[in-house]
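Numbers here are sequence positions counted from 1. Values below: all heavy atoms of this structure, side chains included; hydrogens, waters and symmetry mates excluded. Given the structure is predicted, the values throughout are model-derived calculations rather than measurements.
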Amino acid sequence: MGGKPSRSMEVRVGALVLAALVLLIGFVLLLGDFRCGERADVVIDYRNSGDLKVGAPVKVSGVTVGKVAAVELRGGRPDPLRDGKPVFVRVTVRIDAAAHAMLHEDAGFLITTLGVLGERYVEIDPGSPDKPALAAGKVVDGVAPVRIEAIASEAGALVADIKEVLGENREDVRAIVKKTRGTVDH
């Protein structure tokens, strides 16, 4: 009973281990960012990253061509590569070399969302074909996402200011409304 394992049992265990290894490698390749083609990095400066995460998709004209490789907070420090221009957030995206070849100097780099409350990603508008190609290694400016809370705050302040002006000039406003009503009736 305690003798050597049979040859068929060794073959079955070996096949099981091999199948598990193949599945593991398949999952790593499927879930990781492993591509056989050449890749190119694009460095984009933003004022606000809008909670963009490393690994987020990068799309050119709506087609996924890469991923966000790095998001670095610079805090407005002057950047010698940009003639001392302050940089707040620097994002590095890694895209297919073929997609990079489609980008022009006037390309747009926008942080947007998948749906209303979805995941953030970088959408690239390739720019005009009549413009020169985007140089490799050039740092570009991106368009930060719209911050709804900032817009709401500004709108609230505007409404408060309008309310104050209307309250202070109540009689003048009534006179304007009466004149307008008379003009419309006439």
* **Side-chain ion pair, R77 and D79, N-O less than 4.0 Å** => no

* To do: Taking only Lys NZ, Arg NE, NH1 and NH2, and the carboxylate oxygens of Asp or Glu, determine whether E10 and R12 approach each other closer than 4.0 Å.
  => no

* Step-by-step side-chain contact (heavy atoms from CB on, under 4.5 Å) determination, N48 to V89 -> CA-CA 6 Å; N48 179 335; V89 178; 5.9 Å; no

* Asked: Are V177 and I162 joined in one hydrophobic group, where the rule is that I, L, V, M, F, W and Y side chains link up if heavy atoms are under 4.5 Å apart?
  -> yes

* To do: Check step by step if side-chain contact (heavy atoms from CB on, under 4.5 Å) holds for V122 and I124.
  => CA-CA 6 Å; V122 177; I124 302 174; 4.1 Å; yes

* Does any non-hydrogen side-chain atom of R74 lie less than 4.5 Å from one of P86? -> no

* To do: Side-chain contact test, heavy atoms from C-beta onward, threshold under 4.5 Å: evaluate it for V159 versus E164 and give yes or no.
  => no

To check you understand the geometry: which heavy-atom pair defines the closest contact between [X] and [Y], and what is its length?
X    : Y    : result
P78  : G84  : CB-O, 3.4 Å
D106 : G127 : OD1-CA, 3.2 Å
R120 : P57  : O-CD, 4.3 Å
V54  : A70  : CG2-CA, 4.0 Å

* Do R47's NZ or CZ and the ring of F88 fall within the cation-pi criteria of under 6.0 Å and 45°? -> yes

* Whether H104 side chain and K131 backbone form a donor-acceptor pair below 3.5 Å -> yes

* Taking E123 for its side chain and I111 for its backbone only, find out whether a donor-acceptor pair lies under 3.5 Å. => no

Nearest-0.5 Å distance, [atom1] of residue [X] to [atom2] of residue [Y]:
X    : Y    : atom1 : atom2 : result
D96  : T64  : CG    : OG1   : 10.0 Å
M102 : S61  : CE    : OG    : 7.0 Å
L110 : I44  : CG    : CD1   : 10.0 Å
F109 : D125 : CZ    : CG    : 9.0 Å
R94  : K67  : CZ    : NZ    : 11.5 Å

* Scan R82, K85, K138 and name whichever one has a salt bridge (charged side-chain N to carboxylate O under 4.0 Å, His left out) with D45. => R82

* To do: With V139 as reference, evaluate V43, V42, V87 under the side chain to side chain contact (heavy atoms under 4.5 Å, CB included) test and give the passing residue.
  => V43

* Asked: Without hydrogens or angle criteria, can the side chains of D41 and T92 be said to hold a donor-acceptor pair below 3.5 Å?
  -> no

* Start with the C-alpha gap between Y121 and T112, add the side-chain angles, then the distance that decides, and say whether side-chain contact (heavy atoms from CB on, under 4.5 Å) holds. => CA-CA 6 Å; Y121 73 96; T112 188; 3.3 Å; yes

* Does CG belonging to D83 count more than 12 external heavy atoms closer than 6.0 Å? -> no

